[in-house]
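The structure displayed is predicted, hence computed values, not measured ones.
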Amino acid sequence: MSMRFPKRYIIVLLTFISTNVCYIERIGFSIAYTLSADAIGVDQSSKGLILSAFYYGYVVSQVPGGWTAQKVGGRRVLLMSFLVWSSTCALVPLDPSKVSVLVLARLLVGVAQGFIFPSIHTVLAQWVPPHERSRSVSLTTSGMYLGAAGGMLLLPSLVKYKGPQSVFLVEAALGAIWSILWFKYASDPPRSDRPKAVAAGFGEPLLPVTRLKDKMRVQNGGNSLNATKIPWKRIIFSLPVWAIVVNNFTFHYALYVLMNWLPTYFELGLQLSLQEMGSSKMVPYLNMFIFSNIGGVVADHLITRKILSVTKTRKLLNTVGFIIAAFALMALPFFRSSTGTVFCSSVTLGFLALGRAGFAVNHLDVAPRYAGIVMGVSNTAGTLAGIVGVGLTGSILEAAKAASMDLSSSESWKSVFFVPGYLCMFSAVVFLTFATGERIFE
C-alpha cells in the first residue's frame, strides 16, 4: 500500500480536510449566531463584538503557533488545536444574551485555530518534496474555499430544521472525527539523518529532538546545525519574506472585504435579496477551490518539466493572479446586475486563489525549515488585513452616507473595491521585484 499510495499523500489529504472543517466552523458560527441574535433583538455593536472576537484571538496566535510547531512538532500542535476548538464548540451553549461567555469562547476558538496554518506548513515542509509542494499547498488551502461553499449551502438548512445549537454539535463532531483520523494515520516523516529520506526530499530537520541533537547534522559541507536556533532577525528583515507578507495581507484584505461586504452590496447597492440568488452565491468560493488547485498543478508542471525556474514560476502565477483580480475588482461596481457581480467576484477570488501558487507556496521555497514561523508572520498580516479591511470599508460607506451619497449608486462603492484593486497591483509589483524561489534560510 505504501508503494501505491505514499504516506505523504495521506498527510496532504488530511490537511486538506482540516482546512475544510475549520472553514465550516467559521461559516457555521456566523450563520447560527446571526440567526439566534436576530431572534432576540441583539444590537449590532454586540453582534459585531462577538463576530470579530474570533479574529482577535486568531491574530495573536499566528507567530506563537509557528514557534510552537517548530519546537513541539506540527503534527502534535495540529492535533491539540483541533481538540481545543472542537471541545469549545461542544461545551459552550449558543446563548446570544451571554455576550461575555461567547466572546471568551470565540477568542479561545480563534487562538486555537491560529495554530493550525503554521502547523500545517511545518508538517508539509517536512513531508512534501519540492516538486510536489505547489499542488500540495494549493490542495490543502483549497479546503478553506470548499468548506466555505459547502457551509453556505448546507448549514442554513441545518439551522432551520434542527436549530442553531445543532451547528455547534456538528462542527464539534467533525473536529473530533478529524482528530481521530489524524491521531491514527499521521506520523512524523523519515528523519533527515537517513540517506534515503534526504534523497527523497523528506525530513527537513525542523524539530529539536533532545536525545538526537548531538547526532543531527545537515548535509551541507558537513557543518553541524543547531535546529533550535531560529534566525528571527534575518526573517524579519528579509525582503523576500516581506514580499510574501505584503501579498498575504492583500489576498486576505480582498477576500475578507468580499466575504463580509458583498452581501451588503447586493442588498443596498443592487437592491437584491440574497434569498433570490439561491446557490449562485456559492460560485465565487467554488471558483477559488478550482483555481487554487489549477495553480498548484500548473506550477509543479512548469517546475518539474524545467520550463521555468521556481522563482519565475512563483512570480508568473502571482502576477497573473493578482493583476487579473485587480481589474475584476475595479470593474465590479460598474456591473448593476447579480450576474455581473457574481462573475466579477468569481474572477477576483478565482485568480487570487491562482496567485496562491506564487506567494503562499513561497514559504516552503525560501525557508522550508522555518516554514511554520514564516507562515505565522505572514498570516498575522493576513488576519490584520481582515480586521483593517472590514473596518475601513464600513468607514468608507459611512462617509458616503454622510456626504448624502446614495448607497445604491456605483459611485458610493467605487472606493470599496478600488482600494483592494490598487493593493493587488502594488503587491504584484512587490512580489515581482523582491521574491525568490531559492532557499535563503539554511
Chemist: Less than 3.5 Å apart, which donor and acceptor atoms pair up between the side chains of residues 235-243 and the rest of the protein, not counting sequence neighbours?
Modeler:
residue: Ser238; atom: OG; partner: Val241; partner atom: N; Å: 3.4
residue: Trp242; atom: NE1; partner: Ile236; partner atom: O; Å: 2.5

Chemist: Classify the angle between the aromatic ring planes of Phe359 and Phe251 as parallel (below 30°), tilted (30 to 60°) or perpendicular (above 60°).
Modeler: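 Answer is tilted, since the angle falls between 30° and 60°.
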
Chemist: How many angstroms lie between atom CD1 of Ile116 and atom OG1 of Thr15, to the nearest 0.5 angstrom?
Modeler: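 Going from the CD1 atom of Ile116 to the OG1 atom of Thr15 covers 11.5 Å.
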
Chemist: Which pairs would a plain distance check flag for residues 172-185, meaning a side-chain donor or acceptor within less than 3.5 Å of a matching protein atom at least two apart in sequence or in another chain?
Modeler:
residue: Trp178; atom: NE1; partner: Leu14; partner atom: O; Å: 2.8
residue: Ser179; atom: OG; partner: Gly175; partner atom: O; Å: 2.8
residue: Trp182; atom: NE1; partner: Arg75; partner atom: O; Å: 3.0

Chemist: Would the distance check show the side chain of Ser86 and the main-chain N or O of Phe82 forming a donor-acceptor pair, the cut-off being under 3.5 Å?
Modeler: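 Flag set: sc Ser86 to bb Phe82 pair under 3.5 Å.
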
Chemist: Answer whether the closest heavy-atom distance between the side chains of Met144 and Phe117 falls below 4.5 Å.
Modeler: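 Of all side-chain heavy-atom pairs linking Phe117 with Met144, at least one is under 4.5 Å.
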
Chemist: Calculate, to the nearest 0.5 Å, the distance between atoms CE and CD1 belonging to Met375 and Ile120 respectively.
Modeler: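 Nearest 0.5 Å value for the CE-CD1 distance: 8.5 Å.
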
Chemist: Would you name the heavy atoms of Asn247 and Ser427 that are closest together and state the gap between them?
Modeler: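 Nearest pair, atom of Asn247 first, then Ser427: ND2-O, 3.2 Å.
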
Chemist: Any heavy-atom pair between the side chains of Ile244 and Val366 that's under 4.5 Å?
Modeler: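 Heavy-atom side-chain distance check passes, below 4.5 Å.
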
Chemist: Let me see the working for Phe426 and Phe431 under side-chain contact (heavy atoms from CB on, under 4.5 Å), right down to the final yes or no.
Modeler: CA-CA 9 Å; Phe426 171 74; Phe431 198 82; over 6 Å; no

Chemist: Between Trp127 and Lys7, does a side-chain contact (heavy atoms from CB on, under 4.5 Å) hold up when you go through it step by step?
Modeler: CA-CA 9 Å; Trp127 269 104; Lys7 184 62 175 282; 3.5 Å; yes

Chemist: For the residue pair Ala254 and Leu329, what are the closest heavy atoms and their distance?
Modeler: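 Ala254 and Leu329 have their closest heavy atoms at CB-CD1, 4.3 Å.
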
Chemist: Under a 3.5 Å distance rule, please check whether Asn362 uses its side chain to pair with a backbone N or O of Thr436 as donor and acceptor.
Modeler: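 Indeed, once roles are kept as given, a pair shorter than 3.5 Å links the two residues.
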
Chemist: For Thr250 and Cys424, indicate whether the former's side chain and the latter's backbone hold a donor-acceptor pair under 3.5 Å.
Modeler: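 No; judged by distance alone, with no hydrogens or angles, the pair does not exist.
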
Chemist: Would you check if Ile50 and Val99 make a side-chain contact, meaning some heavy-atom pair closer than 4.5 Å?
Modeler: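 Yes; the side chains approach each other to less than 4.5 Å.
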
Chemist: Go through the steps for Phe168 and Phe29 under the test ring pair (Phe, Tyr, Trp, His ring centres under 6.0 Å), then give the verdict.
Modeler: CA-CA 7 Å; Phe168 276 29; Phe29 178 81; 5.7 Å; yes

Chemist: Is there a donor-acceptor contact under 3.5 Å from the side chain of Ser30 to the main chain of Ile27?
Modeler: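 Checking the backbone N and O of Ile27 against the side chain of Ser30, no donor-acceptor pair under 3.5 Å is found.
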
Chemist: For residues Ala357 and Leu317, report the shortest heavy-atom separation together with the two atoms involved.
Modeler: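 Looking at all heavy atoms of both residues, the shortest contact is CB-CD1, 3.8 Å.
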
Chemist: Quick check: closest heavy atoms across His121 and Ala371, and the distance to 0.1 Å?
Modeler: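 For His121 and Ala371, the tightest heavy-atom pair comes out as O-CB, 3.8 Å.
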
Chemist: Can a donor-acceptor pair be found between the side chains of Ser136 and Arg8 at a distance below 3.5 Å?
Modeler: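 No, Arg8 and Ser136 have no side-chain donor paired with an acceptor closer than 3.5 Å.
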
Chemist: Are Gln62 and Phe115 close enough that some pair of their side-chain heavy atoms sits under 4.5 Å apart?
Modeler: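 Side-chain contact under 4.5 Å: no.
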
Chemist: Roughly how far, to the nearest 0.5 Å, is OH of Tyr285 from CD1 of Ile290?
Modeler: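 Interatomic distance, Ile290 CD1 to Tyr285 OH, rounded to 0.5 Å: 15.0 Å.
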
Chemist: So, the side chain of Ser346 versus the backbone of Asn287: is there a donor-acceptor pair under 3.5 Å, distance only?
Modeler: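 Side chain of Ser346 to backbone of Asn287, a donor-acceptor pair under 3.5 Å: no, none is there.
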
Chemist: Side chains of Asn248 and Ser378: any donor to acceptor distance under 3.5 Å?
Modeler: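 Yes, a side-chain donor-acceptor pair sits under 3.5 Å.
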
Chemist: Pick one: which of Thr140, Asp300, Asn293 meets side-chain hydrogen bond (donor to acceptor under 3.5 Å, both in side chains) with Arg135?
Modeler: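 Exactly one option meets the side-chain hydrogen bond (donor to acceptor under 3.5 Å, both in side chains) with Arg135, and it is Asp300.
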
Chemist: Working to the nearest 0.5 angstrom, can you tell me the gap between Leu423 CG and Met425 CE?
Modeler: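 One finds 11.0 Å between CG of Leu423 and CE of Met425.
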
Chemist: Using modelled atom types only, decide if a donor and an acceptor are shared between the side chain of Thr68 and the backbone of Gly65 within a distance under 3.5 Å.
Modeler: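 No: the side chain of Thr68 does not pair with the backbone of Gly65.
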
Chemist: Begin with the C-alpha distance, continue with both residues' side-chain angles, and end with the deciding distance and a verdict on side-chain contact (heavy atoms from CB on, under 4.5 Å) for Thr141 and Ser292.
Modeler: CA-CA 8 Å; Thr141 55; Ser292 178; 3.8 Å; yes

Chemist: Partners of Ile307 by side chain to side chain contact (heavy atoms under 4.5 Å, CB included), sequence neighbours excluded?
Modeler: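 Per chain and number, Ile307 pairs via side chain to side chain contact (heavy atoms under 4.5 Å, CB included) with His301, Leu302, Arg305.
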
Chemist: Mind checking whether Phe351 and Phe291 have ring centres under 6.0 Å apart?
Modeler: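 Centroid separation for Phe351 and Phe291: below 6.0 Å.
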
Chemist: Scan residues 106-118 for pairs that pass side chain to side chain donor-acceptor pair (under 3.5 Å), counting only residues two or more places apart or in two chains.
Modeler: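 Sorted pair list: Glu25-Arg106, Glu25-Gln113, Arg26-Gln113.
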
Chemist: Determine whether the aromatic ring centres of residues Tyr256 and Tyr55 are separated by less than 6.0 angstrom.
Modeler: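 Between Tyr256 and Tyr55, which both carry aromatic rings, the centre distance is below 6.0 Å.
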
Chemist: Parallel, tilted or perpendicular, judged at 30° and 60°: which one describes the rings of Phe418 and Tyr422?
Modeler: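 Ring orientation of Phe418 relative to Tyr422: perpendicular.
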
Chemist: Phe289 vs Phe16 aromatic rings, parallel, tilted or perpendicular, using cut-offs 30° and 60°?
Modeler: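 Rings of Phe289 and Phe16: tilted, as their planes differ by 30° to 60°.
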
Chemist: Just how far is it from atom CG of Leu13 to atom OG of Ser18, taken to the nearest 0.5 Å?
Modeler: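 Reported to 0.5 Å precision, the distance equals 10.0 Å.
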
Chemist: Please examine the side chains of Pro118 and Ile373, heavy atoms only from C-beta on, and report whether any two atoms are closer than 4.5 Å.
Modeler: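 The answer is no; the side chains never approach within 4.5 Å.
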
Chemist: Mind checking whether Val109 and Tyr58 have side chains closer than 4.5 Å, heavy atoms only?
Modeler: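 Counting from C-beta outward, Val109 and Tyr58 never come under 4.5 Å.
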
Chemist: Under the salt bridge (charged side-chain N to carboxylate O under 4.0 Å, His left out) definition, can you give me all pairs with a residue in residues 411-438, not counting sequence neighbours?
Modeler: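 Of all non-adjacent pairs touching residues 411-438, those that pass salt bridge (charged side-chain N to carboxylate O under 4.0 Å, His left out) are Glu411-Lys414.
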
Chemist: Looking only at heavy atoms, which two atoms of Gly437 and Asp365 are closest? And how far apart?
Modeler: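 Looking at all heavy atoms of both residues, the closest pair is O-CB, 3.5 Å.
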
Chemist: Is there a side-chain contact (heavy atoms from CB on, under 4.5 Å) between Met288 and Leu255? Walk through the geometry before answering.
Modeler: CA-CA 10 Å; Met288 291 190 86; Leu255 174 63; 3.9 Å; yes

Chemist: Can you tell if the side chain of Ile24 reaches within under 4.5 Å of the side chain of Leu155, non-hydrogen atoms only?
Modeler: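 The answer is yes, as the side chains (C-beta and beyond) meet within the 4.5 Å cut-off.
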
Chemist: Can you name the nearest heavy-atom pair linking Val84 to Ala112, along with the distance?
Modeler: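 Minimum heavy-atom contact is CG1-CB, 3.8 Å.
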
Chemist: To the nearest 0.5 angstrom, please state how far the CZ atom of Phe322 sits from the CG atom of Leu432.
Modeler: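 Going from CZ on Phe322 over to CG on Leu432, the span is 12.5 Å.
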
Chemist: So does Phe249 get a backbone contact from the side chain of His252, meaning a donor-acceptor N/O pair under 3.5 Å?
Modeler: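 Pair absent, no side-chain N/O of His252 close to backbone of Phe249.
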
Chemist: I'd like to check Ile303 versus Arg314 (side-chain heavy atoms, cut-off strictly below 4.5 Å). Are they in contact?
Modeler: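 SC-SC contact between Ile303 and Arg314 confirmed.
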
Chemist: Only counting residues at least two apart or in another chain, list the ones meeting side chain to side chain contact (heavy atoms under 4.5 Å, CB included) with Leu392.
Modeler: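 Partners of Leu392 by the side chain to side chain contact (heavy atoms under 4.5 Å, CB included) criterion, ordered by chain and then number, come out as Tyr253, Ile396.
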
